[in-house]
Each structure stands twice: as C-alpha cells, then as structure tokens.
Amino acid sequence: MAVALSHSYHYCHNSITPIKLSEKRLDDSRPRSSKQIPSCRRKPENSIEKRRDLSLTQALQNHIHSGQMRDALEIFEKINSSETFIWNLMIRGFADNGLFLHAIDFYHRMEREGIQADNFTYPFVTKACGASLSMAEGQKIHGKLFKVGLGSDVCVFNSLVSMYAKLGCMECAGKVFDEMPVKDLVSWNSLVSGYAAIGDGRNSLACLLDLQAFGMKPDRFSMIGALKACSVECFIQSGREVHCQVLKCGFESDLMVQTSLLDMYSKCGRVNYAERLFHDISQKNIVVWNAMIGGYVLNSQPLKSFACLKRMQEEDNLSPDVVSIINFLPACAQLGAFLDGKSAHGYAIRIVPHVVLETSLIDFYGAFGKPKLAEYIFGHMEEKSLVTWNSMIAAYAQNEQNKEALDLFQELLTKPLQPDAITIASILPAYSEAASLKEGKQIHGYISKSEHHSNTYILNSLVYMYAKCGEVETAREIFDRILVRDVSSWNSVIMAHAIHGFGRKSIELFSEMRDEGIKPNYITFVSLLTSCSTSGLVDKGWELFNSMKKDYDIDPGIEHYGCILDIIGRTGDLDRAKNFVEEMPLAPTGRIWGSLLTASRNHRNIEFAEFAAQHIFDLEHDNTGCYVLLSNLYAEAERWGDVERIKSLMKQRGLEKTVGWSLVENTTSCKPHRFINQDKSHVQTNMIYDVLSILSRKIAEEKNVRGMTEFRPLDSPANHGVRLAICFGLISTKVGSPVLVRKNTRICEDCHSAVKKISKITKREIVVGEPKVFHHFVNGNCSCGDYW
DNA sequence: ATAGGGTTAG
C-alpha cells in the first residue's frame with residue numbers, strides 16, 4: 001500500500017509531501033471484525049467547543065478547496081471528530097484533489113474507527129475507486145452498501161453505475177442499473193456517457209433513445225454523452241441528429257455542449273463545421289481553444305493549429321496549458337517544425353511530471369527521427385503508462401532501432417502492465433525486420449494465447465512478419481484464417497509473395513481481392529509493383545502502373561516510381577532508366593538512385609554507377625552499401641586505383657564495411673550460428689568444410705578467378721558465409737525440407753550461381769533471405785531470375 | 001454539505 005500511495009502523487013496538483021496515512025494502520029492491532037466498533041472519538045459537549053469546531057471545520061474546508069490536503073489533514077486530526085460529515089469532507093477532498101488512493105484509505109480508516117458511513121460517503125469513495133481504476137475495492141464497497149441499508153438510495157446507485165463505467169465494465173454498470181429500484185435521468189446519463197467512454201457509441205445512443213422512450217427529457221449531460229458517442233464512432237449522421245436535438249432543446253449556447261459539438265465535428269472529419277461553431281462562440285475558455293487546436297491537428301491542418309495557439313494567447317490572453325501543448329506537438333510533427341516543438345517542450349518543462357505530456361514528447365521526438373531524445377524522456381519519467389511504453393517502442397521501431405524496440409518489449413513483459421493491441425501492432429514491424437524465425441514464432445504463440453488472436457490489424461502485421469522471417473507459406477496460412485480481411489490484409493499477403501519472388505501469385509491474389517469487392521489503395525500498388533519488379537513481370541508492371549490513376553484514381557508516389565525504375569533497370573535500358581528519373585514529377589530519393597545503381601551494377605556499367613552513386617552521396621554520405629558496391633564494380637574492371645580511392649574515402653569518413661553474416665533459420669540443432677566469410681568458429685567446422693569441398697568439386701567452379709572481384713581480394717567466395725551456412729543447414733535440417741538461410745547483406749554473384757547448382761545437386765530447396773528480398777533456389781534456378 | 005458533463009497520448 002505504501003507503494004500505491006506514493007503513486008497517487010502524480011495526480012496531485014498541489015505541492016504536498018507524502019502523507020503517511022497507512023503507518024498508523026500498520027501498527028494498528030485492534031481486531032478487524034466487521035462488527036461496528038463504538039467510536040472512541042469525542043463529541044463537542046458545550047457551545048464553546050461547538051463554536052471552536054465550527055471555525056476549524058471552516059478552515060478545513062478552505063484548505064480542501066485550495067488543494068492543501070496536508071494542512072487539511074492536520075486540522076482534521078486536531079478536531080478528532082466522530083461526525084460523519086467531517087470524514088466525508090476529507091474523503092471528498094482527497095478525491096477532488098486527485099489523491100484517490102488516499103480517499104479509499106481514509107474510508108477504510110473510517111470503518112476501522114467505527115464511524116458510520118452514510119449516503120454521502122459512498123459516492124465520494126466510489127468516485128475514487130473509479131478514478132484510480134480500483135475494481136477490487138469498488139466491488140468490496142458495492143457489497144458493503146446493502147449491509148448498511150443504503151440499498152435504495154438513487155444517488156449512491158448512480159455513483160456505482162458511473163464507477164463501473166469508469167472502470168470500463170459496462171456489464172457491471174448495466175447490472176447495477178437494471179437492479180436499481182428507482183432510476184432517474186442521472187442514471188440514464190451515466191449509461192450514455194459510460195458506453196461512449198468505452199467506445200461503444202451504438203449502445204450509448206440506444207440509451208439516449210431508451211431514456212426518451214421512458215418519458216424522460218434528455219438534458220445537456222445527455223447531449224454531451226451522446227456527442228461523445230458520435231465522435232468515438234465517427235457517426236456523422238447521428239452527430240447531426242444530436243446537433244438538431246441540441247437546437248430543439250435550447251442547449252446551443254451551453255459552452256460544454258458547444259465544445260462537444262465542435263469536437264464531434266472535428267473527430268468526424270468535418271473540421272470546417274467545427275471551425276464555424278468555434279467562430280460563433282463568444283466566450284471561449286481554454287478547453288474550446290484546445291479542442292480547436294486538436295481539431296486542426298486531427299484533420300491535418302497544422303498551420304491553422306499553430307495560428308490557433310497564437311490567437312488564443314493574443315485575443316483571449318490565455319496561457320497554453322498542458323492539453324494545449326499535447327495537442328500542439330503533433331502539429332509540429334506534421335509540419336516538420338522541430339524547433340517549434342522543442343520550444344513547446346521547453347515551455348512545458350514546468351508541468352512535468354505529467355504522463356500524457358511526456359508520452360506526447362516521446363511521440364514527437366520519435367516522429368522527428370530522434371529516438372535518443374525520446375529515450376531520454378522515457379528514462380526520466382516518474383510514472384509510465386502502457387501508452388508510454390507503446391510510444392517508446394514505436395519510436396524505436398519507426399527509426400530502425402529494431403533491436404532496441406525488441407528489448408524494450410521484452411522488458412515490458414516483465415512489468416505488471418498488460419500489452420494491448422497497439423503494443424503488439426507496434427512491435428511486430430521490429431520482429432519483421434530484426435527477429436529470427438524462432439523469435440517470430442514465439443511472438444506468434446504469444447498472440448495466439450492472448451485476447452488479440454483474431455485482431456485483423458495484428459494478423460495483417462503477422463502475415464508480413466512471417467514472410468520477412470522466411471516462411472511465406474505460414475504467412476499465407478495466417479492470411480487464410482483471418483476472419484475479417486481488410487485491404488491491409490490483402491496488401492500484406494501480396495507483399496509477402498512479392499518479397500519471395502512469387503509475382504504471379506501476387507497478381508492472382510490481386511484479382512481474388514477485387515472479386516471480393518475490396519478496393520485497392522496506395523499500398524496495394526506498392527506491393528503489386530514490388531512483385532512485378534522482383535519477379536521480372538515487366539509488362540504487367542507497366543500495366544498496373546498505368547491503371548493506378550486511370551482505374552483507381554490513385555496518384556503514383558515515390559515508392560511506385562521506384563518499383564517501375566527497378567523494372568526498367570531489369571531490362572538493361574539504362575538510358576531509359578536515367579531519363580525516367582529525370583522526367584519523374586517527384587524529387588528523386590536515395591532509394592531511387594539506389595535502384596539506378598543496382599541496374600548499373602547488374603549491367604556492368606561503371607559510368608552510370610558513378611552517376612547514380614554521386615547522387616546518393618549527395619543525399620546520404622554515410623551509405624556504406626553504396627561505397628562497397630562501387631568498389632566491387634571497380635575491382636571487377638580491375639581498376640585497382642579506384643578501389644583504393646574508395647577504400648580510403650570510406651576510412652576518411654569513418655565508415656566501415658558491414659560484416660556480412662549468414663544464419664540458418666530452421667536447423668534442428670538448438671544453437672543458431674552466424675557464419676561470416678571464411679568462418680571457422682563453428683564446433684562442426686570440419687564437417688561443414690568437408691561437405692563444402694564435396695559440393696565445390698561437384699559444381700566445379702573456377703576458384704580465384706571471380707574471387708578477385710571482391711572488396712577484399714583474399715576473401716574467396718568459395719568459403720563465403722552463405723555457403724558455410726547452407727552446408728551446415730544441409731546436415732542439420734530434416735532431409736527434404738528447405739534450407740532457410742538469412743543474411744544481413746546481399747548475396748554475391750559467385751555465391752548466387754553456386755547456390756543454384758547446390759540446389760540441383762542436393763535436390764533441396766534453398767531459401768536465402770536478404771534484407772529486402774528472398775531467393776528461392778530450386779533445381780538449379782532462382783526465383784529472382786538472376787536479377788537482384 | 002449530495003452522485004451524472006467537455007478538451008489530452010498509441
């Protein structure tokens with residue numbers, strides 16, 4: 001309890017130091033029977049005492065009102081009263097000042113000291129239970145009510161309904177409601193806002209209709225609850241109907257109703273309606289301003305959000321509060337205004353600690369590619385919510401810090417917080433990029449056992465993850481078992497086949513998708529065009545590219561241009577590729593020039609490669625892969641001077657060639673091993689090299705001829721890690737099953753042609769996964785069509 | 001001295 005009490009200070013808006021309420025109780029050796037114990041507290045006996053108490057009570061109330069609960073407590077102890085009223089004041093004081101656990105604790109103290117709780121006590125303490133999410137406490141108090149004969153007080157019951165609603169248990173709230181001997185409008189309103197709060201707009205609106213069917217007239221609270229229901233579900237039509245009712249009932253000049261209307265319209269994507277309402281509000285408080293600032297952000301109008309924050313200060317002389325900042329930060333992210341966000345951070349620093357604000361800052365720094373700054377905030381937070389963890393995981397995952405994301409997720413699993421659907425959806429991309437197949441299967445198992453096992457959003461990510469981890473068949477199986485498939489499900493399964501070079505399958509899936517009446521979107525075409533480029537479906541690729549705008553009204557984006565450029569590159573028409581880049585309506589990115597570079601390498605054109613590489617270096621001068629690729633090209637042309645020049649350039653810029661490794665994923669042996677080139681560290685090295693030498697003899701490759709083409713001349717491709725891994729895979733996986741090897745770099749040409757032969761000799765399918773694409777070697781052929 | 005309301009993070 002001591003720990004729990006210290007937690008409650010984050011809700012505290014005043015500056016009291018921890019009250020050790022529990023100490024007294026811990027030393028308390030009195031019996032804990034449910035029987036009433038007569039109170040040993042004093043009662044005022046004469047008029048002087050009564051007058052003294054009255055003025056002390058007044059002081060007590062003043063302290064409570066100004067949030068000085070420490071001072072209030074001091075006076076409370078001085079009064080030493082057995083009057084329920086005084087105790088009620090204290091419990092209400094704690095609850096109103098955000099010290100919910102203190103409020104509950106005080107109620108227990110009251111019980112122990114034999115002070116009778118009354119119909120006022122219960123609403124205060126149930127409010128505290130709801131706000132502190134203390135379900136167990138709430139249920140205990142619920143049970144107690146009947147024993148003290150308050151089983152028919154409508155106010156007490158209403159407070160119970162709203163407590164269960166706050167705890168998110170609308171079944172419990174509904175049950176209490178059903179059992180109420182007398183129901184009033186407040187009871188109904190509690191249901192309306194309760195359902196809205198858990199995101200169940202349908203039931204909320206149903207309650208609004210029901211209460212009217214029972215002959216009650218909705219009031220402003222009913223309207224506010226119903227508008228929340230419309231906004232959480234984006235029910236614009238119902239929202240308009242509620243708006244009409246607001247006008248009919250004459251609530252249109254109620255500021256809270258106006259705010260709710262404004263928020264409803266902006267959440268439903270009708271920011272111009274929100275704006276119109278906003279302009280018509282003559283007396284704007286900070287809440288209305290904040291709602292408008294947030295409304296612009298929600299509707300991607302960050303400039304207006306900026307202007308609104310400024311006007312709020314100038315026109316109404318209001319200082320931004322914590323909500324203003326929380327709403328404003330995403331506007332900075334949308335606008336790319338890093339400095340404005342940073343100064344908002346500086347302004348807000350005085351409000352910290354504040355969980356929501358700090359979480360927003362993590363999102364902000366995550367969005368600006370500054371995971372280190374996000375990490376700093378995360379590391380210095382006093383209290384973290386699940387949302388905080390989710391934001392930090394996402395900040396890592398969005399910035400290619402996949403290992404960090406995975407580690408943080410593992411750490412979260414050791415905490416009492418239960419990951420939710422957002423957590424899983426945020427972590428799965430990191431699994432896709434950085435996890436082994438085995439780890440992927442573990443998270444799959446975790447999801448299957450969790451309540452999220454049939455969440456479409458999560459399963460979509462899982463489909464993609466399996467493909468990225470090497471098992472496209474499993475990806476397909478999961479897709480087949482998704483109960484409600486949305487456009488992303490189809491995008492995922494199409495992309496799954498795309499990265500494995502099964503382009504025709506992707507095209508088939510696309511037509512199945514259309515048969516099911518699912519409309520393709522921007523991403524669908526990225527997946528489809530990726531398929532066409534990895535599988536060499538040149539004509540199909542152009543056909544799809546041209547139909548995007550024509551048949552689906554989707555403007556091609558930079559990703560689509562990249563795929564088409566890959567397709568042109570495959571054909572070897574480098575002039576056309578270059579022209580395509582120059583005539584593109586969008587600014588070329590590193591990925592675009594990378595595509596031209598790949599094409600130049602594949603067609604051995606040093607001039608084009610240099611041209612492309614120069615552009616890449618202009619954009620990102622730390623692109624290690626680009627240096628290595630260029631150097632390999634020079635080596636192949638025996639331009640050793642240029643090889644040296646690139647080498648020293650890299651050294652000068654502090655860049656090191658990535659150490660390539662290859663890992664067998666589906667071995668039956670328990671220890672995974674990363675093979676580097678010329679690796680001799682595995683315990684079974686001798687056997688692996690024996691197998692390799694048999695295979696090398698069989699494929700009769702000419703050693704040392706192509707070996708000179710590598711970055712390091714001594715690095716003979718005959719002993720490259722991928723071959724060692726494959727040999728290890730051949731002896732440590734089930735006979736007849738595919739050998740799955742994953743690499744952190746692209747496979748070299750020598751190995752590619754060697755692996756094709758190995759697949760034929762051994763009659764085994766060999767799957768080699770690179771960061772972007774998988775090669776399926778079957779019977780001497782590769783799914784990439786020898787272009788990658 | 002009485003419960004029910006609006007703005008906020010993924």
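All figures in this text were calculated on a predicted structure; none of them were measured in a lab. In what follows, chains carry the letters A, B, and so on, assigned in the order in which the sequence lines appear, proteins first and then strands, with residues in each chain numbered from 1.
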* Closest to side chain of A:N390, choosing from B:dG6, B:dA9, B:dG10 -> B:dG10
* Asked: Which part of the nucleic acid, if any, lies within contact of A:V257, taking any heavy atom under 4.0 Å across all strands shown: a base, the sugar-phosphate backbone alone, or nothing?
  -> nothing
* Asked: Hey, does the side chain of A:H452 reach the backbone of A:N455 with a donor-acceptor pair shorter than 3.5 angstrom?
  -> no
* Whole-Å gap separating P (B:dG10) and CG (A:L298) -> 10 Å
* Nearest-Å distance, CG (A:L357) to C1' (B:dG10)? -> 16 Å
* A:L329 side, atom CG; A:K342 side, atom NZ - distance, nearest 0.5 Å -> 12.5 Å
* Asked: Out of curiosity, A:I443 CD1 to A:I447 CD1, how far, rounded to the nearest 0.5 Å?
  -> 5.0 Å
* Asked: Which listed nucleotide (B:dT7, B:dG6, B:dT2) is nearest to the side chain of A:S260?
  -> B:dG6
* Asked: Which nucleotide in the set B:dA1, B:dT7, B:dT2 lies at the smallest distance from any side-chain heavy atom of A:F85?
  -> B:dA1
* Asked: Once you round it to whole Å, what is the distance between C1' of B:dG6 and CG of A:L261?
  -> 11 Å
* Structure fact -> Side-chain atoms of A:V356 come closest, of B:dT7, B:dG10, B:dT8, to B:dT8
* Ring centers of A:W389, A:F409 separated by less than 6.0 Å -> no
* Asked: Side-chain N or O of A:Q61 less than 4.0 angstrom from OP1 or OP2 on B:dA1?
  -> yes
* Asked: Would one find a side-chain N or O of A:K267 under 4.0 angstrom from OP1 or OP2 of B:dT8?
  -> yes
